[in-house]
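Chain identifiers are assigned alphabetically (A, B, ...) following the order of the sequence lines, protein sequences preceding nucleic acid strands; residue numbering begins at 1 within each chain. Scope of the values below: all heavy atoms of this structure, side chains included, with no hydrogens, waters or symmetry mates. Please read all numbers here as calculations on a predicted model, not as lab measurements.
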2 protein chains.
Amino acid sequence: MAETEVSRAAGVGVATVSRALAPDPHPDVSAAKRERVREAADLLRYRPSGAARALRTGAYHALSIVLPDDAWGWWEPTVRSSFLAAAEEGHHVLVHPIGGRTGGAATAVDSLADVPTDGVLLFGSANDDDVLRASNRLRLPVVTIDDVNENVLFPTLSVDNRAGAQAACEHLIASARRRIVYVGTGSASELFVRERFAGYRDALTAAGLAWDERLVVQSPEAADESIVTLSGVSQLIITGVRFDAVFCEYDLLAAPLLRTLRLAGLRVPEDVAVVGFDDERAAQLLDPQLTTMRQPYGELGHRAVELLLDRIRGNAPTVGRQLIRPTLVQRHSG
Amino acid sequence: MAETEVSRAAGVGVATVSRALAPDPHPDVSAAKRERVREAADLLRYRPSGAARALRTGAYHALSIVLPDDAWGWWEPTVRSSFLAAAEEGHHVLVHPIGGRTGGAATAVDSLADVPTDGVLLFGSANDDDVLRASNRLRLPVVTIDDVNENVLFPTLSVDNRAGAQAACEHLIASARRRIVYVGTGSASELFVRERFAGYRDALTAAGLAWDERLVVQSPEAADESIVTLSGVSQLIITGVRFDAVFCEYDLLAAPLLRTLRLAGLRVPEDVAVVGFDDERAAQLLDPQLTTMRQPYGELGHRAVELLLDRIRGNAPTVGRQLIRPTLVQRHSG
DNA sequence: GTGAAAGCGCTAACAT
DNA sequence: ATGTTAGCGCTTTCAC
C-alpha cells in the first residue's frame, strides 16, 4: 500500500498524505483533511516505507549497538536502557554481536558499511585504532561505554570505579571493620581493576588504617566463573591472618568467596562483612544476599544514547571519558 | 558517495558497480572490472545505501525481536543466538523492548508499522489476539518463543518442559533418591509450570514411587527474587516430613531453597539432592553449584530465526508448537 | 492549505 | 559481459 493509493482513496494529493502522516505531523494540514487521510490509511492498512523515507531524508533514525561476545553479562540492563532512550528519541536500535569475527570490534564496525544505521554505540574497545579508522571510513559516529581501556579515542562513558570502590570500603569502615581484605583477579591490564584497587587504598588511607600487604589476595584462577573456592583466601585463614571484611573486585567473585568463608566456619556478616561491585543479578541470589555497589546501568545507557545522538546531529565530538558514580545497595552480607 | 560517482571513477556503468558490489556478487562481471570497481569504491569510501537497496528490492533483510521488560531475562542467550543465526542469513536484527507500553506486546508490534523490518520474533504472548491482528494488519509475519501460554496463534518454539522435568527427577531417582520434594510457585496459569509439575509426576509414576501430597511445596511468595528462605520447606522440615531430594520448578528458586536447607543443618547433596531447571547463569554461582536442566537456548534462537525466515519467504505458516528438549547439566547439588 | 513534479540511490529488465 | 533506463515510495521545493 503505497502513499499514492492512500491519496487516491482520500481524494487528496500525495503531498498531503505525506504531510498528514509524517512522524512529526506537518502543521499546514487542515484537521479535516488529516482525519480523512488517516481513515483512508487505516482502511488500506497503509504502512509507510521506512526505506523510501530514509532514502529521501538521508537519515535512518537508527542506532547500532555493537556487543562483545560475552556481552549481556553485567551490562544487559545498560543495553535495555539504551533501547528505551533511543525509542524516546524516535530511533530504532540494531544489535550486532561481534560474534567471533577475527578482527573483533573493528571488523564488526566495518561490516556496518551496508547496515542502515546512523551511529554506533560500542561496548569496550574505546582505544581501538582500527575501530577509529573504520568509523572514519564509514563516516559513522561512534560512542563507547568502556572502563577497561585507559586511553580512549571516542566520547566514552565509564563508571567511576575508584570512587565506587572507596565508597564500598568506607561503608565497611563505617561499620567498624578495620582489617579489610581485597579480593581480585590481579588482571591489572584492565583499567577498572586498577581503579577499584586504588579506591580500596584511598579508603584505607583516608581512614588512617594500617596497610597490610597480606590482605591483598589476587586469584587469577577466579576468572573462571565455575571455580568453587578461592585458595588465596583459604590460605589467609589457614595462616591465621586476621580480617573482618572483604571487598570483592566484582560480584561474581563473591560466590566462591562466600563458599570459602563458610567452609572455614566464618559467619557472614558477623565474622566477616562482604561487599561486592556491580550489582549483577546474581548478587541477591547469593547467600547471604550481597551488599554491593550498583553500576549506574540505566544512566549509562541513557547518556550514551544522548551522546551519540549529539554526535549524529553534527555536534563536536568530545573525545574523552565521562564518569558516572555507582551507588551502594545494602543487603545482608555487610 | 553514491554509486554514480564510483561508476564514474571506475569508468564503468552504474549497473556494473551494482553487480560487482552486490551482497551476493553477480556472476556476470569480469574479475578485472570487479577489482577496478572495488578499488574505486574503497578510495571514495563508498557506502551503499541500505535505504535505496531496500526500496528497490522490497526487502529490508532485517528481523525484529520484541522483548518483555524484565530487566534480567532468562532469554538473553537465546536472543544472542538469534543474532548470530540472523547474521548468517544476511539479516540485521532490531530489538524492541515492550517497554511498559500500555497494551503490551500488541502495541509493540503495532508500532512496528514504520520500522524497516521483514518479520517479528516475539518472546511470549503466543496466544495474544491483538498481536495476531497487528501482525495481519501490517502483513508482518510473527514467530514466538513461548512456554507460558497453552494456545498458540503463531508458529511457536518451546522447551519440552514435561520431558525435561521428568528427566531431572529420573536423575534423582537414579541416584537412589526416593522422597522427592517439588518446590514451585503454584502459578498454575503458566503452561511451563503445569508441564514441569506433570513431568515430576511422570517420573514418580514411572519409577513406582509412592505419591505423597505433602512433598509438593508451593511458595507463591518466591516469585519475589529477593526472598531469603522458603517457609514451606522450613515447615516441612519442622513437621518432620522426611525427604532426600528437591526438584525446583526453576533455578532461581534454588537460591532461597539452599539457604533454607542450610539453616536446617541439612547438607546438599549428602542429605538432600537438589536439581533445578533452566541453567541460568546464576546456577553455577549457587553453593553448591546447581545441577539443572539446561534450556536449549542456542537451538531456540537458531530455530526461531529459521522459522521466521521461512515465513518471510512465503512458506506456509505452520501455526503450532515445536518442542525442544533440555539437557541435564550435572554439577554439585545432586 | 494543497497539488504537481523532481529526485534521493539503487537494481532489474532490456538492449547490445 | 556491460551500458542505458525506468521506477521503487517517499519528502520537498515550487506554484497556486
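Ion pairing between a basic and an acidic side chain is recognised when a charged N comes within 4.0 Å of a carboxylate O; E89(B) and R313(B) show such pairing. The pair D110(B)-R137(B) meets the salt-bridge criterion, since a charged nitrogen lies less than 4.0 angstrom from a carboxylate oxygen. A salt bridge links R281(A) with E280(B); the closest basic N to acidic carboxylate O contact falls under 4.0 Å.
Heavy atoms from other residues, nucleotides or ligands lying under 6.0 Å from CZ of R325(B) number 12 at most.
When the C1' atom of dG3(C) is taken as reference, atom CD of E3(A) falls 13 Å away, rounded to whole Å. Distance, L55(B) CG to dT11(C) C1': 10 Å, rounded to whole Å. dT2(C) atom P lies 9 Å from atom CZ of R36(A), rounded to whole Å. For H61(B) and dC10(C), the NE2 to P distance is 15 Å, given to the nearest whole Å. Following rounding to the nearest Å, R53(A) (CZ) and dG9(C) (C1') show an atom-to-atom distance of 18 Å.
Within the 3.5 Å criterion, the main-chain N or O of A126(B) finds a donor-acceptor partner in the side chain of D146(B).
Nearest to the side-chain atoms of R56(B) among the listed nucleotides dG3(C), dT2(C), dC10(C) stands dC10(C).
Between the side chains of S81(A) and H302(A), no donor-acceptor pair of N or O atoms lies under 3.5 Å. If you check the side chains of T156(B) and R321(B), you find no donor sitting under 3.5 Å from an acceptor.
Side-chain atoms of E3(A) and Y46(A), non-hydrogen and from C-beta on, do get closer than 4.5 Å to each other. By the 4.5 Å heavy-atom criterion applied to side chains, I324(B) and V159(B) are not counted as neighbours.
Where A2(A) and S30(B) meet DNA chain D, the nucleotide closest to each residue was compared, and S30(B) sits on the side nearer the 5' end. In terms of position on DNA chain D, the residue among T16(B) and R19(A) whose nearest nucleotide sits closer to the 5' end is T16(B).
Regarding contacts with the backbone of dC10(C), a side-chain N or O of Y46(B) is found under 4.0 angstrom from either OP1 or OP2. Close to dG1(C), at under 4.0 Å from its OP1 or OP2, lies no side-chain N or O of K33(A).
Along DNA chain D, read 5' to 3', the first and last nucleotides having any atom under 4.0 Å from a heavy atom of chain B are dA1(D) to dG9(D).
Contact annotation for V17(B): no contact, since no heavy-atom pair falls under 4.0 Å across all strands.
Summary for the helix from dG1(C)-dC16(D) to dT16(C)-dA1(D): the axes at its two ends, each from 5 pairs, differ by 30° when rounded to the nearest 10 degrees.
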